[in-house]
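As the structure lists them, so they are numbered: ligands from 1, and atoms in each ligand from 1. These numbers were taken from a predicted model, which means no experiment stands behind them.
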Amino acid sequence: MDKIDRYADELKRMRDESLYRTMNVIESAQSSNITIDGKDYVLFASNSYLDLCNDDYVKECAQRALNMYGTGSGGSRLTTGTTALHDELERRLALLKKRESAIVFDTGYMTNVGVISSITSEGDIIFSDELNHASIIDGCRLSKAELVIYRHNDMEDLEEKLRLYRGKHGLIVSDGVFSMDGDIVNLPRLVRLADEYGKLSMIDEAHATGVLGSNGLGTEEYYGIEGAADIVMGTLSKAVGSEGGFVCADNTIVSYLRNKARSFIFSTSLSPVTIASAIAGLDCITAERVAALRDNVRYLCDRLNEAGVNVKSDSAIIPVIIGDEQKALDISAELMKQGYYVSAIRYPTVKKNSARLRITLMSSHTKEEIRGLADLIGRYCK
Ligand code: PMP
């Protein structure tokens, strides 16, 4: 048998099960309207919730940084890769999340992997929601701690499991907004349980920063419990419109991460241009933009419910559950034909037979664009 046959066999199996993945090549900036292969689409699949990737002010700031600092950062953060911009971004993030300190990683994925594997050790326990993002799962896999999975956002189940591990050091970790379902963690209860059972609490604010709370500060603002979690992790790659990941916490945790998190220490730091875009993106997270996004979410949910498609969301992610993988792909392809880009999400990102259209909104979508999408989905999903 040829050395690569097994990979070809696996790819064939994926094709047969409608799980094979391909990429669309976008020929324009990431915004609410994009071009693919010369054809225009309204984009309802991006995580750029506040439409900042192509914002004039953000681009001006990025250009200024490009002229001053050049392109690459030339080293890891602990060698030559920390510019005044990196320092400024960390100060801004700590202020935003009302914490003593912040630390920026190259991506959100690297943040979760680096943080979870470094703050837990052999003999510790990690309690993780069953629907947590893959980067949290991989952080748990890299850690030497024991892993306990609790039912999705089920605080009764979490408490039952916490009772079994009293006295052990550990971490409870959860998405703030769940990336494929768009629902929100029961943070007040999670934090109370963490304190009661002496565990660290950590939330992943990838889809909450710039989205939840009147000022877009995230899940803690949504519940009015700012400063409650021990560790707030987030990404700069979604509402902020740039790239990178971060942690906000007290000085001790952040200093510990600077010294111990391998994905922070052993990788070249982000380009100053990316960092400048992130700082400018933070400037643009205003109550007005966040309110416009929320208004669009409400509008789409109302239109879909009217069209007989049951949905509910307080975040910018609205899943329409289809079930069958091929059917989800077919509906997504139909929507593409009509000029609407909506991703079909399948296993292993979600459980088998729970394939879905994952609609994401931007603050800049027009009501007409949203209505057009809702009408089509109503027609295809009945
Ligand atoms: N956490 C969650 C909940 C996410 O959805 C994602 C990205 N999809 C990440 C972390 C990783 O972030 P990044 O894309 O910046 O690596």
Side-chain angles (χ1 to χ4, degrees), residues 21 23 30 43 45-50 52-53 89-90 93 97 102-117 126 128-142 149 152-153 171-185 187 190 201-212 216 218-220 222 229 231-248 257 261-264 267-271 274-275 277-278 281-282 313-319 343-346 348-350 356 358-362:
R21 292 162 185 248
M23 289 181 273
Q30 184 88 175
L43 180 59
S46 173
N47 296 321
S48 181
Y49 304 122
L50 300 178
L52 293 176
C53 293
L89 177 60
E90 289 177 341
L93 287 166
K97 298 287 186 181
I103 171 172
V104 170
F105 290 69
D106 288 0
T107 66
Y109 182 94
M110 288 168 75
T111 311
N112 276 331
V113 165
V115 172
I116 297 171
S117 63
I126 303 171
S128 176
D129 187 292
E130 66 177 324
L131 294 191
N132 274 344
H133 187 256
S135 53
I136 295 180
I137 296 170
D138 292 356
C140 295
R141 284 179 179 158
L142 264 184
I149 308 282
H152 176 51
N153 214 1
L171 169 75
I172 305 173
V173 59
S174 176
D175 282 13
V177 169
F178 289 86
S179 52
M180 297 301 137
D181 292 76
D183 56 337
I184 301 168
V185 63
L187 188 63
L190 186 150
S201 53
M202 171 171 168
I203 45 165
D204 176 334
E205 293 286 86
H207 301 278
T209 300
V211 175
L212 294 190
T219 310
E220 293 180 336
Y222 174 83
I231 299 169
V232 175
M233 172 273 168
T235 58
L236 301 162
S237 57
K238 307 197 191 296
V240 183
S242 180
E243 285 167 14
F246 65 86
V247 165
C248 299
L257 293 174
R262 292 170 66 84
S263 58
F264 175 80
S267 196
T268 298
S269 75
L270 286 170
S271 152
T274 305
I275 298 289
S277 321
L282 293 181
S313 181
D314 268 349
S315 70
I317 301 164
I318 294 132
S343 298
I345 306 290
R346 294 161 288 159
T349 310
V350 293
R356 65 200 59 187
R358 178 181 182 267
I359 308 170
T360 54
L361 282 164
M362 289 186 184

Do we see a donor-acceptor contact under 3.5 Å between the side chains of Ser48 and Gln30?
no
Does ligand 1 have any N/O atom under 3.5 Å from a protein N/O, and what are those pairs and their distances?
residue, atom, partner, partner atom, Å
ligand 1, 1 (N), Asp204, OD1, 3.4
ligand 1, 1 (N), Asp204, OD2, 2.6
ligand 1, 5 (O), His207, NE2, 2.6
ligand 1, 8 (N), His133, NE2, 3.4
ligand 1, 8 (N), Lys238, NZ, 3.0
ligand 1, 15 (O), Gly108, N, 2.9
ligand 1, 15 (O), Ser237, OG, 2.9
ligand 1, 16 (O), Gly108, N, 3.1
ligand 1, 16 (O), Tyr109, N, 2.9

If we count only N and O atoms by modelled type, under 3.5 Å, do the side chains of Asp183 and His152 hold a donor and an acceptor together?
yes
Leu50 to Gly210 - nearest heavy-atom pair and separation
CD1-O, 3.6 Å
Do Tyr109 and His133 get their side chains close enough for a donor-acceptor pair, meaning under 3.5 Å?
no
By ring-ring contact (aromatic ring centres under 6.0 Å, His included), Phe105 pairs with (sequence neighbours left out) Phe264
How close do Val177 and Leu212 get, counting heavy atoms only, and between which atoms?
CG2-CD1, 3.6 Å
